[in-house]
*Asks:* 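Encoded as structure tokens, here's the structure I'll be asking about.
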Amino acid sequence: MRKILILFAFTLFLVSCKKEVVISPITKDAFRFNQPEQFSSPHYNFENNPLTEKGFELGRYLFYDPILSLDSSISCSSCHAQAHGFADHNIPLSKGVDKKFGTRNAPALMNLAWSTSFMWDGGVNHIEVQPLVPLTSEHELGETMANLVIKLNKNSFYKKKFKEAFGVETINDQKLLHALAQFTSMLISSNAKYDQVMAGKTSFTNQEQQGYELFKAKCANCHTEPLFTDYSYRNTGLESNFKDIGREKVTQDPADRGKFKVPTLRNVEFTYPYMHDGRLFNLEQVLTFKSNGIQDSPTLDTSLKNGLNLSKEEQQAIIVFLKTLSDYTFIGNPMYAEPVIQ
Ligand code: HEC
Ligand code: HEC
């Protein structure tokens, strides 16, 4: 318990060090979105969903509650675990209700307020509608929105919490989506060693610095600082005969075959296994692949046509650098942990 209190106080201290920008109109229980100084303004600005502490807390309850699934067996957190940067617990493909497997690896969830699109193929373009997919997919929570709303309206705890958060007597699907968006858009990770080095508070070791230089030369055209993604879709040559056509599913354009959204690399140490189908289990495998496993095809990214040709020593330096993106105040932030239902 003491440890938790200390961690909590430490997090409050870190949070209070950041520049505060109030994005939502100030309400009675004004709750702030802590804009990290080194990031640009977020894409999602809570325009139609004013951020409040009660709304965030409600989203957090819902995120951890199996009530959202057909048979009350799984919750969002079953596939998105805080200790793993809100990616899945070590498994390539996630298991939904009735133990049905999906076809993609659950991505890490962080800094989503800056994302312009969601899912590996960008098939969803708004953070407020994103949960419709997991809530209703037979490979995930397997529910219908109509049934969910009936279930929540029969639940006295949620009746009370929705009233406190949004002032409504009857829960509807829009308020459910708003509450989830308040939680997911507040998952901010911006306090890794990397950030402290950039802010001049500490410095890299020689090996980390070597990895950083290589990263800027070979990786940052896609994994662009400081969010470590440029939000584009790229074919990185995982295969030449695509089992999953990726972005082409959304655009129907063969020029998009095998392209997937560039994932952030923040907290990448914890988000294994890697790639859209979780085929690579550790960073050594990722670096071996990126160095000399790239397969050619017509849509392969031009920057990868000749491979990245990194020596083992260079690969190791990059891995050491990637670990400076681990943010323990995010992974251990009690604000994001499973709440205790009172
Ligand atoms: C059965 C496992 C599973 C459950 C349960 C689940 N997800 Fe996911 N989630 C995934 C997978 C897999 C993807 C990637 C899907 C794709 O790209 O097609 C994903 C993608 C996402 C994304 C997009 C992230 C990005 O950067 O593109 C968000 C946000 C998200 N989930 C939030 C949620 C929320 C909120 C819930 C609960 C309502 C939830 N998930 C429940 C497996 C799950
Ligand atoms: C041409 C753009 C591009 C370049 C250059 C690039 N990447 Fe990636 N990276 C991607 C894309 C796109 C994915 C997702 C691919 C997929 O799942 O099919 C990815 C996935 C990853 C992953 C897995 C992340 C996860 O959550 O699954 C890691 C780690 C990674 N890249 C590290 C690197 C490193 C290190 C370099 C430089 C040596 C690099 N990348 C260069 C585009 C790029």
Side-chain angles (χ1 to χ4, degrees), residues 59 62-66 68-69 74-80 85-88 91 93-97 100-112 115 117-124 127 130-137 139-143 176-177 180-181 183-185 187 211 214-223 228-239 242 244 246-247 249 258-265 267-269 271-280 282-283 285-287 289-291 294 300-304 308 310 314-315 318-319 321-322:
L62 291 163
F63 188 87
Y64 282 97
D65 197 336
L68 295 188
S69 64
I74 59 168
S75 64
C76 307
S77 67
S78 308
C79 303
H80 298 288
F86 290 99
D88 213 333
I91 58 168
L93 303 175
S94 308
K95 224 185 297 167
V97 291
K100 282 188 191 137
F101 282 96
T103 56
R104 291 186 182 157
N105 180 244
L109 305 181
M110 72 197 73
N111 304 333
L112 297 173
S115 290
S117 64
F118 302 89
M119 308 312 202
W120 283 104
D121 55 15
V124 175
I127 194 164
Q130 186 283 328
L132 285 174
V133 179
L135 289 170
T136 60
S137 156
H139 302 292
E140 298 182 40
L141 298 163
E143 260 296 5
L176 166 61
L177 295 173
L180 284 168
F183 180 71
T184 51
S185 55
L187 299 171
L214 287 161
F215 185 86
K216 284 192 287 188
K218 307 271 186 176
C219 322
N221 58 320
C222 300
H223 299 287
F228 290 87
T229 167
D230 67 351
Y231 301 104
S232 64
Y233 302 90
R234 315 276 190 137
N235 168 5
T236 57
L238 276 178
E239 47 199 14
F242 301 97
D244 184 339
R247 183 72 179 153
K249 264 194 194 155
K259 294 188 181 173
F260 292 88
K261 195 170 62 178
V262 177
T264 179
L265 299 181
N267 295 302
V268 72
E269 180 179 4
T271 66
Y272 53 90
Y274 302 111
M275 305 305 176
H276 67 272
D277 53 5
R279 66 173 66 195
L280 303 177
N282 53 46
L283 290 172
Q285 286 181 356
V286 174
L287 266 295
F289 157 71
K290 297 236 181 199
S291 303
I294 292 172
L300 177 65
D301 200 83
T302 46
S303 68
L304 300 172
L308 291 177
L310 298 157
E314 291 173 324
Q315 294 178 28
I318 292 179
I319 292 173
F321 164 69
L322 290 177

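Order of listing sets the numbers, starting from 1, for every ligand and every atom in it.
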*Asks:* For ligand 2, does Leu214 get within less than 4.0 Å through its side chain, its backbone, both, or neither, judged by non-hydrogen atoms?
*Replies:*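 Within the 4.0 Å criterion, Leu214 makes no contact with ligand 2.
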*Asks:* Look up atom CG in Leu287 and atom CD1 in Ile319, then write down how far apart they are to the nearest 0.5 Å.
*Replies:*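 If we round to the nearest 0.5 Å, Leu287:CG and Ile319:CD1 are 4.5 Å apart.
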*Asks:* Please determine if Trp120 has a nitrogen or oxygen closer than 3.5 Å to a nitrogen or oxygen of ligand 1.
*Replies:*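 Yes; at least one N/O pair falls below 3.5 Å.
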*Asks:* Check this for me - ligand 1, Ser115, N or O atoms closer than 3.5 angstrom, yes or no?
*Replies:*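 No, there is no polar N/O contact under 3.5 Å.
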*Asks:* Between Ser77 and Ser75, which heavy-atom pair has the shortest distance, and what is it?
*Replies:*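 What the structure gives for the nearest pair is OG-OG, 2.7 Å.
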*Asks:* Locate the shortest heavy-atom distance separating Leu280 from Phe289; write the atom from each residue and the value.
*Replies:*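 For Leu280 versus Phe289, the nearest heavy atoms are CD1-CB, 4.1 Å.
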*Asks:* What part of Asn105 sits under 4.0 Å from ligand 2 if we count only heavy atoms: the side chain, the backbone, both or neither?
*Replies:*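 No part of Asn105 is near ligand 2 at this cut-off.
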*Asks:* Would you mind telling me if ligand 1 is within reach of the side chain of Leu135, the backbone, both or neither, using heavy atoms under 4.0 Å?
*Replies:*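 It is the side chain that touches ligand 1; the backbone stays farther off.
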*Asks:* With sequence neighbours left out, what residues match Thr136 under side chain to side chain contact (heavy atoms under 4.5 Å, CB included)?
*Replies:*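 Counting only residues at least two positions away or on another chain, Thr136 forms a side chain to side chain contact (heavy atoms under 4.5 Å, CB included) with Met145.
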*Asks:* Locate the shortest heavy-atom distance separating Asn105 from Leu93; write the atom from each residue and the value.
*Replies:*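 The pair with the smallest heavy-atom distance is N-CD2, 4.1 Å.
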*Asks:* Mind listing the closest non-hydrogen atom pair of Phe228 and Leu265 along with its distance?
*Replies:*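 Between these two residues, the closest heavy atoms are CB-N, 3.5 Å.
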*Asks:* Which protein heavy atom lies closest to atom 23 (C) of ligand 2, and at what distance to 0.1 Å?
*Replies:*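 Looking only at protein heavy atoms, the one closest to atom 23 (C) of ligand 2 is Tyr274 CB, 3.7 Å.
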*Asks:* May I ask you to identify, for Leu62, whether its side chain, its backbone, both or neither come under 4.0 Å of ligand 1 on a heavy-atom basis?
*Replies:*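 Near ligand 1, Leu62 shows nothing, with every heavy atom at 4.0 Å or more.
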*Asks:* What is the number of protein N/O/S atoms located under 2.8 Å from atom 8 (Fe) of ligand 1?
*Replies:*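 Considering protein N, O and S only, atom 8 (Fe) of ligand 1 has 1 within range.
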*Asks:* Which of the atoms in ligand 2, numbered in the order shown and given with their element, are less than 4.0 Å from a heavy-atom of Leu238?
*Replies:*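 Those atoms are 16 (C), 18 (O).
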*Asks:* For Lys249, which residues count as a side chain to side chain contact (heavy atoms under 4.5 Å, CB included) partner, sequence neighbours excluded?
*Replies:*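 Residues passing side chain to side chain contact (heavy atoms under 4.5 Å, CB included) with Lys249: Arg104, Asp121, Asp244, Ile245.
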*Asks:* Among Phe260, Phe289, Phe242, whose heavy atom sits nearest atom 12 (C) of ligand 2?
*Replies:*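 It is Phe260 that holds the nearest heavy atom.
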*Asks:* Answer side chain, backbone, both or neither: which part of Ser78 comes under 4.0 Å from ligand 1, heavy atoms only.
*Replies:*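 No part of Ser78 comes within reach of ligand 1.
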*Asks:* If you compare all heavy atoms of His80 against all heavy atoms of Ala106, which two are closest, and at what distance to 0.1 Å?
*Replies:*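 Heavy atoms only, the tightest pair is CE1-CB, 4.0 Å.
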*Asks:* For Ile74 and Leu141, which heavy atoms make the closest approach, and how far apart are they?
*Replies:*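 Distance-wise, the nearest heavy atoms are O-CD2, 3.4 Å.
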*Asks:* Only heavy atoms of Val268, strictly under 4.0 Å: list the atoms of ligand 2 that pass.
*Replies:*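 Taking each heavy atom of Val268 in turn, ligand 2 has 29 (C) under 4.0 Å.
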*Asks:* Is Lys261 in polar range of ligand 1, meaning some N or O pair under 3.5 Å apart?
*Replies:*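 Among all N and O atoms of Lys261, at least one is under 3.5 Å from an N or O of ligand 1.
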*Asks:* Please state whether the rings of Phe86 and Phe183 are parallel, tilted or perpendicular, taking 30° and 60° as the class boundaries.
*Replies:*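 The arrangement is perpendicular - the two ring planes meet at more than 60°.
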*Asks:* How many N, O or S atoms of the protein are nearer than 2.8 Å to atom 8 (Fe) of ligand 2?
*Replies:*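 The number of such protein atoms is 2.
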*Asks:* Mark up the atoms of ligand 2 that fall under 4.0 Å of a heavy atom belonging to Ser303, in ascending order.
*Replies:*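 Near Ser303, meaning under 4.0 Å from one of its heavy atoms, ligand 2 has 1 (C).
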*Asks:* Could an N or O of ligand 2 be found under 3.5 Å from any N or O of Met275, whether backbone or side chain?
*Replies:*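 Between Met275 and ligand 2 (N or O atoms, distance only) the closest approach is under 3.5 Å.
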*Asks:* Would Met119 count as a polar contact of ligand 1, with the cut-off being nitrogen or oxygen pairs under 3.5 Å?
*Replies:*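 Indeed, backbone or side chain, Met119 has an N or O that close.
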*Asks:* List the closest protein heavy-atom neighbour of atom 17 (O) of ligand 2: residue, atom name, distance to the nearest 0.1 Å.
*Replies:*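 Result: His276 N, 2.6 Å.
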*Asks:* Taking it one step at a time, do Gln130 and Met119 satisfy side chain to side chain contact (heavy atoms under 4.5 Å, CB included)?
*Replies:* CA-CA 9 Å; Gln130 186 283 328; Met119 308 312 202; 3.3 Å; yes
*Asks:* Near Ile318, which atoms of ligand 2 are under 4.0 Å from a heavy atom of that residue?
*Replies:*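 Matching atoms, with element in brackets: 35 (C).
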*Asks:* For atom 18 (O) of ligand 1, which protein heavy atom lies nearest, and how many Å away is it?
*Replies:*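 In this structure, atom 18 (O) of ligand 1 has Arg104 NH1, 2.9 Å as its nearest protein heavy atom.
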